[in-house]
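Just so you know, ligand 1 is whichever comes first in the structure, and atom 1 is the first atom listed for that ligand. Just the heavy atoms: all of them, side chains too, but no hydrogens, waters or symmetry mates, feed the values below.
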Amino acid sequence: MLATNGVFYPILGLASCAAFIYMSFGDLAWDIGTHVRGPEMSFVGRNGTRFTVDGKAFYVNGWNSYWLMDQAVEEVSRPRVRAMLQAGAKMGLTVCRTWAFNDGTYNALQMSLGHFDERVFKALDWVIEEAKRHGIRLLLSLANNLEAYGGKTQYVKWAWEEGIGLSSSNDSFFFDPSIRSYFKTYLKTILTRKNHLNGIRYKDDPTIFAWELMNEPRCMSDASGDTLQEWIEEMAAYVKSIDKNHLLTIGLEGFYGSTSPPEKLHVNPGQWFSTVGSDFIRNSRVPEIDFASVHIYPDQW
Ligand SMILES: *[C@@H]1O[C@H](CO)[C@@H](O)[C@H](O)[C@H]1NC(C)=O
Ligand SMILES: *[C@@H]1O[C@H](CO)[C@@H](O)[C@H](O)[C@H]1NC(C)=O
């Protein structure tokens, strides 16, 4: 992860020693039961280009496991989730990025427009508690640009079913006012969700490292980048109007777009990537966006 103005963080060293020490307190609690609390946590904040906790530097050292909520729905697969968090904690990792959405597919969180499955929400509650017990914070992603687990395509289908979809383009997720309001309904529901295991609303839970608006947003129908920019501005302000505790990021792959300085464009994996409607610098400058991300696929790019 990068800070907004592109400074890399040193990741190893002292921070992982500190992490190992409090992980070993976590060990004692692991097998006693769900109600045993892990180490107390404070919210992650930022100061300039640094992440901070209690005024001290916080180093993100983490991994992706998109499937934690999905695998926590059924009792039988929960041990996999626990084992993953346990492995991360033992390696001294501090943050796990995972999906906090599943729209309209098998074991969906949002089963149909604005209707949520309590069983799946309970699974997400459990993931958050389990992460906390292992001293791991979560970066929770809120939607998918791709079709896996529903994604923007599912919202567009719902709009058509309601008879109010304006366009068949997947990108109407970004520009159709009705679909924007559907997404806000979901945002409000998740941010204000009260965890059934600890009574804490998600917006008040420091186990959550940050929110991520969408996995790898692209708006190919508007290469100028204006559509995606407006969507980010609106959704970021909406999230912060409900939740002032958590950091917020977009979920960008990190491409330079049409308003980036021309000398940056050669850094994109190919010329075409400046036309997908995202724009690393402009998007990341939205005031409510606290930090930026780059997704790296070394074999392809
Ligand atoms: C932010 O960091 C600077 C130095 O890097 C420090 O002087 C200042 O007190 C910090 N601010 C807060 C609110 O911690
Ligand atoms: C929506 O996106 C998917 C890929 O994610 C694509 O296969 C499909 O054709 C798109 N539909 C429209 C109407 O653009």
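- Aromatic ring orientation, Trp99 versus Tyr66: tilted (interplanar angle from 30° to 60°).
- Atom NZ of Lys188 sits in a sparse spot, with 12 or fewer heavy atoms from other residues, nucleotides or ligands closer than 6.0 Å.
- A tilted orientation is assigned to the rings of Phe173 and Trp231, their planes being inclined by 30° to 60°.
- The aromatic rings of Phe209 and Phe58 sit tilted, their planes meeting at an angle between 30° and 60°.
- In the hydrophobic clustering (ILVMFWY side chains linked at under 4.5 Å, chained through shared members), Phe255 is joined by Met220, Trp272, Phe273, Val276, Tyr297, Trp301.
- In this structure, CH2 in Trp211 is found 5.0 Å from CG in Leu191, a value given to the nearest 0.5 Å.
- Closer than 4.0 angstrom to ligand 1 by heavy atom are Asn47, sorted by chain and number.
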